[in-house]
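Only this structure's heavy atoms are used, side chains among them; waters, hydrogens and symmetry mates stay out. No experiment lies behind these values; they were computed from the predicted model shown. Whatever order the structure lists them in is the order used to number ligands and atoms, beginning at 1.
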Amino acid sequence: MDKILEIQNITREFPGVRALNGVSFDIRRGEVHALVGENGAGKSTLMKILSGVYRPTTGRILFNGQEVNFTNPKQAQQLGISIIHQEFSLIPYLSAVENIFLGRELKKSGGLLDKKRMKKEASEVLERLNAEIDLDKPVARLSVANQQFIEIAKAIAIDTKILIFDEPTASLTGNEIDKLFELIATLKENGVTMIYISHHLDEIFKIADRMTCLRDGEWVATKDITECTKQDIVKMMVGREIINSFPQKPSWENKEADILLEVKKLKNSIVNDVSFHLKKGEILGIAGLVGAGRTETIRALIGADGVEEKEVYLKGKKVEIKSPAEALDHGIGLIPESRKTQGLVLDMCVKNNITLSILKKIAGNYGFINKKKEQSLVEESIENLLIKTPHMRQKVKNLSGGNQQKVVLAKWLSTECEILIFDEPTRGIDVGAKEEIYKLIRNLADKGISIIMISSELPEVLGMSDRIVVMYKGKVISEIDGTTATSEEVMYYATGGVGNESNQYSKN
Ligand SMILES: Nc1ncnc2c1ncn2[C@@H]1O[C@H](COP(=O)(O)OP(=O)(O)OP(=O)(O)O)[C@@H](O)[C@H]1O
Ligand SMILES: [Mg+2]
């Protein structure tokens, strides 16, 4: 077999952490090679080594049979190895074109920037991606999905031989993912070799030829995808079988609880006349396709975005909520979709991030922080959520992507909100830890906290929700009992609830 890349005995150490330990395997020319493993297994670190971001502590990389020693990403790129990082690396205030050509701007013969040509080439690349994006807007004002496409455009605008995707679909949904897969197929036809990291095993079975699994920085296996089942891969990742990943739902009688929150006639430019209620101690799932208005509904509810009309009742009493801070005062907390930008202080340590929002709770007499209480609370969070960190003083930016997400969750799980709203709670979280998060969310509900959960993962909505509200085009189209709901039923409504049997499952 023709090997394009040979990874030989790679070890990488960070202070207090051995992220990779003697990892060896090959990547074949033209294949899509999936890389799997739990949060903190070392996937991103290995890919950063291949793409010149980090250097290995020991070990060798051969590219086309030649040893390479990259000291920076540019060298890797010049040889044709590009990476699309888990954390986006776009410059927010620059436009899409400026980002795509960053560091390799096209110039006219006189030395001036050739803006016209750059824009033309950029739009050609985006056309290949089938993406319609405003190239002149600062990328910060684009949707997360479109920012992702700009990242990909940036990589394929250069002649790329090996393209590395580090959890590319973590911020995409539905047809955007389909579009990405089409793109991957096209790139493969053109001979591009790809390495693909994902926690979604379904995706891996769809697109990968082979897979490699890492665990705790060590190589576990490399196999043809046709040789393994989903269960095999999960077992390789976590070292045990995972059978039922959703906690038991309480019986419906217990759920005949008081209505805690009522939202009526929510209306703004995206949602229209949205009404729903939330009972004490229940988990309410909000389902719908991308663009159905789920996140917008929640943002409008907590006052993050403006509204034309809105009535909110808490325990039957009308309240005004004009900002997220006011929502918090009323005991409503939102754990947002893009946690990186909205939930963490990357330069602060794990401990301070977790306790940031609960300083009051751990304050002792005279407002001094009760160190012991703080310590035990943080220890408990780290243990419950399986946060992989050498110690609680580690800066959050040094944690793996999935572990950063767990820190945000930990922070919110320890607040004293009566209502917690989770927007895509398990995005980027590995299969084993997902199970833990489901348990924690259910525990909160059992304790009487009311939960609203938005998720694009249908099994998650079905597995967790006591009741499901389905949205379609900015409206609530149906409410379903979560104990009996099926994916067919939810999809039927999520796609508009019209038509006959045959097109019930179609996506648009
Ligand atoms: N710059 C760094 N400084 C210190 N430790 C680091 C650094 N980068 C990574 N690590 C540690 O190395 C280990 C592997 O991290 P890595 O990001 O490679 O995991 P991953 O497999 O990509 O996980 P995820 O699925 O969560 O993204 C983790 O324990 C992480 O905390
Ligand atoms: Mg990672």
Near ligand 1 (heavy atom, under 4.0 angstrom), the protein residues are F14, V17, A19, E38, N39, G40, A41, G42, K43, S44, T45, Y54, Q86, E167, H199, Q394, N398, L399, S400, G401, G402, N403

Sequence neighbours left out, what pairs pass side chain to side chain donor-acceptor pair (under 3.5 Å) with at least one residue falling in residues 16-25?
-> E13-R18, R18-N21, N21-E218

What pairs with H33 under ring-ring contact (aromatic ring centres under 6.0 Å, His included), at least two apart in sequence or on another chain?
-> F25

Without swapping roles, check the side chain of E6 against the backbone of I4 for a donor-acceptor pair under 3.5 Å.
-> no

Any sub-3.5 Å donor-acceptor pair from N72's side-chain atoms to Q75's backbone N or O?
->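 Judged by distance alone, yes, a pair lies under 3.5 Å.
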
Is a side-chain donor-acceptor pair under 3.5 Å present for S381 with N384?
-> no

Just wondering, is there an N, O or S atom on M47 that's nearer than 2.8 Å to the Mg ion (ligand 2)?
->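 So M47 does not count as coordinating the Mg ion (ligand 2).
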
For R29, which residues count as a salt bridge (charged side-chain N to carboxylate O under 4.0 Å, His left out) partner, sequence neighbours excluded?
-> D2

